[in-house]
Amino acid sequence: MASRSEINSQNIPVHVAVIMDGNGRWAKQKGGLRIFGHQSAIKAVRETVESAAEIGVQYLTLYAFSTENWARPAHEVMALMQLLVHTIRQETATLLKNNIRLQAIGQIESLPDSCQRELAEAIELTKAGNQMTLVLALSYSGRWDITQAAQKLAADVAAGNVNAASITEQTIAGYLSTKGIPDPELLIRTSGEQRISNFLLWQLAYTELYITDLLWPDFRREHFYDALLAYQQRERRFGKTSEQLTVS
């Protein structure tokens with residue numbers, strides 16, 4: 001496993017996104033209920049957030065709850081919502097201590113009122129943080145994000161506020177829930193699943209993917225360093241050749 005000393009501090013991704021997967025399987029291996037896996041994942045979240053902030057990542061987006069997750073058994077969803085409220089309340093002081101700003105993307109209005117209140121309070125309390133921005137994707141899906149952006153853009157075109165002929169990729173990006181946030185350079189996915197699961201579909205166009213078989217509750221800072229080291233060993237060409245990059 002990599003150590004922090006192996007990481008090139010001059011080549012840190014500005015934005016890292018994480019699909020935190022494997023809580024249920026981890027709990028099953030331990031002979032516990034799925035919620036036990038979700039509870040045990042809090043340490044992985046804490047170490048990842050702290051590691052990212054310490055090493056210089058500016059934005060960290062965690063896929064905490066997808067729109068598809070609403071289809072899970074009602075008792076699991078309820079337990080997850082209660083855990084979310086408890087965790088936000090518990091971790092706000094740590095975010096303040098580490099100068100980390102909290103933001104959220106997704107259909108936040110679909111969350112229980114208690115979750116919305118805790119989230120809004122934490123976002124307000126940490127708004128001055130400038131060490132790193134932690135973005136929680138809650139009740140989020142990439143297709144929803146693009147759809148709501150298209151609806152807002154269409155409305156502005158109809159109102160005469162936007163000229164349809166002048167619409168660019170940057171225009172569309174300005175209507176996404178991640179407006180003002182740079183696209184991720186690195187996506188980490190745990191549990192070995194090799195898909196992006198409707199996460200940041202527009203934003204991941206040129207993101208480097210790092211997939212590990214490790215289940216999320218076992219993920220620690222040294223595993224985060226492994227992902228960063230793998231990222232730094234890749235050549236990001238954006239459609240160009242290696243020779244073009246060398247010349248430039």
Closest approach of [X] to [Y] (non-hydrogen atoms, all atoms of both residues):
X      : Y      : value
Ala27  : Arg34  : CB-CA, 4.0 Å
Pro182 : Tyr59  : CD-CE1, 3.5 Å
Ala227 : Leu186 : O-CD2, 4.0 Å
Leu229 : Ile7   : N-CD1, 3.8 Å
Ile105 : Ser177 : CG2-O, 3.5 Å
Ala17  : Leu200 : CB-CD1, 4.1 Å

Student check: side-chain heavy atoms of [X] and [Y] closer than 4.5 Å:
X      : Y      : result
Tyr225 : Glu6   : no
Leu228 : Pro13  : yes
His15  : Asp183 : no
Asp218 : Trp26  : yes
Pro217 : Asn23  : yes
Gln29  : Leu215 : yes
Tyr210 : Arg234 : yes
Val18  : Leu60  : yes

I'd like to know if [Y] and [X] are part of one continuous hydrophobic network [Ile/Leu/Val/Met/Phe/Trp/Tyr, side-chain heavy atoms within less than 4.5 Å].
X      : Y      : result
Tyr63  : Val77  : no
Val49  : Leu214 : yes
Leu138 : Leu176 : no
Leu136 : Phe224 : yes
Leu102 : Met20  : yes

Neighbour count above 12 (heavy atom, 6.0 Å) for [X] [atom1]:
X      : atom1 : value
Glu109 : CD    : yes
Arg143 : CZ    : no
Leu33  : CG    : no

Any donor and acceptor pair, going by atom type alone, linking the side chain of [X] with main-chain N or O of [Y] inside 3.5 Å?
X      : Y      : value
Arg4   : Glu54  : yes
Gln131 : Asn98  : no
Glu47  : Ala44  : no
Gln148 : Tyr175 : yes
Asn69  : Ser66  : yes
Arg189 : Arg195 : yes
Ser141 : Trp144 : yes
Asp21  : Ser191 : no
Thr207 : Pro184 : yes
His38  : Leu80  : no

**OP:** For Trp202 and Asp145, run side chain to side chain donor-acceptor pair (under 3.5 Å): C-alpha distance rounded to whole Å, both residues' side-chain angles, the deciding distance at 0.1 Å, then the answer.
**Re:** CA-CA 9 Å; Trp202 176 279; Asp145 202 358; over 6 Å; no
Rounded to the nearest 0.5 Å, what separates atom [atom1] in [X] from atom [atom2] in [Y]?
X      : Y     : atom1 : atom2 : result
Leu119 : Leu84 : CG    : CG    : 7.0 Å
Gln232 : Ile12 : CD    : CD1   : 5.0 Å
Lys30  : Arg25 : NZ    : CZ    : 14.5 Å
Ile35  : His75 : CD1   : NE2   : 9.0 Å
Gln39  : His86 : CD    : NE2   : 9.0 Å
Arg72  : Phe65 : CZ    : CZ    : 7.5 Å

Subject >> Step-by-step side-chain contact (heavy atoms from CB on, under 4.5 Å) determination, Ile181 to Gln103 >> reply: CA-CA 11 Å; Ile181 299 174; Gln103 291 187 355; 3.7 Å; yes
Original post:
Between Thr212 and Asp226, does a side-chain contact (heavy atoms from CB on, under 4.5 Å) hold up when you go through it step by step?
Top reply: CA-CA 10 Å; Thr212 173; Asp226 283 340; over 6 Å; no
Subject >> side chain to side chain donor-acceptor pair (under 3.5 Å) between Thr48 and Ser51, intermediate numbers included >> reply: CA-CA 5 Å; Thr48 300; Ser51 302; over 6 Å; no
**OP:** Just say parallel, tilted or perpendicular for the rings of Phe199 and Tyr140, cut-offs at 30° and 60°.
**Re:** perpendicular
**OP:** Kindly determine whether Ile172 and Ile146 satisfy side-chain contact (heavy atoms from CB on, under 4.5 Å), including the steps that lead there.
**Re:** CA-CA 9 Å; Ile172 295 171; Ile146 294 170; over 6 Å; no
Subject >> Derivation of the side-chain contact (heavy atoms from CB on, under 4.5 Å) call for Glu185 and Val14 >> reply: CA-CA 7 Å; Glu185 289 99 335; Val14 173; 3.5 Å; yes
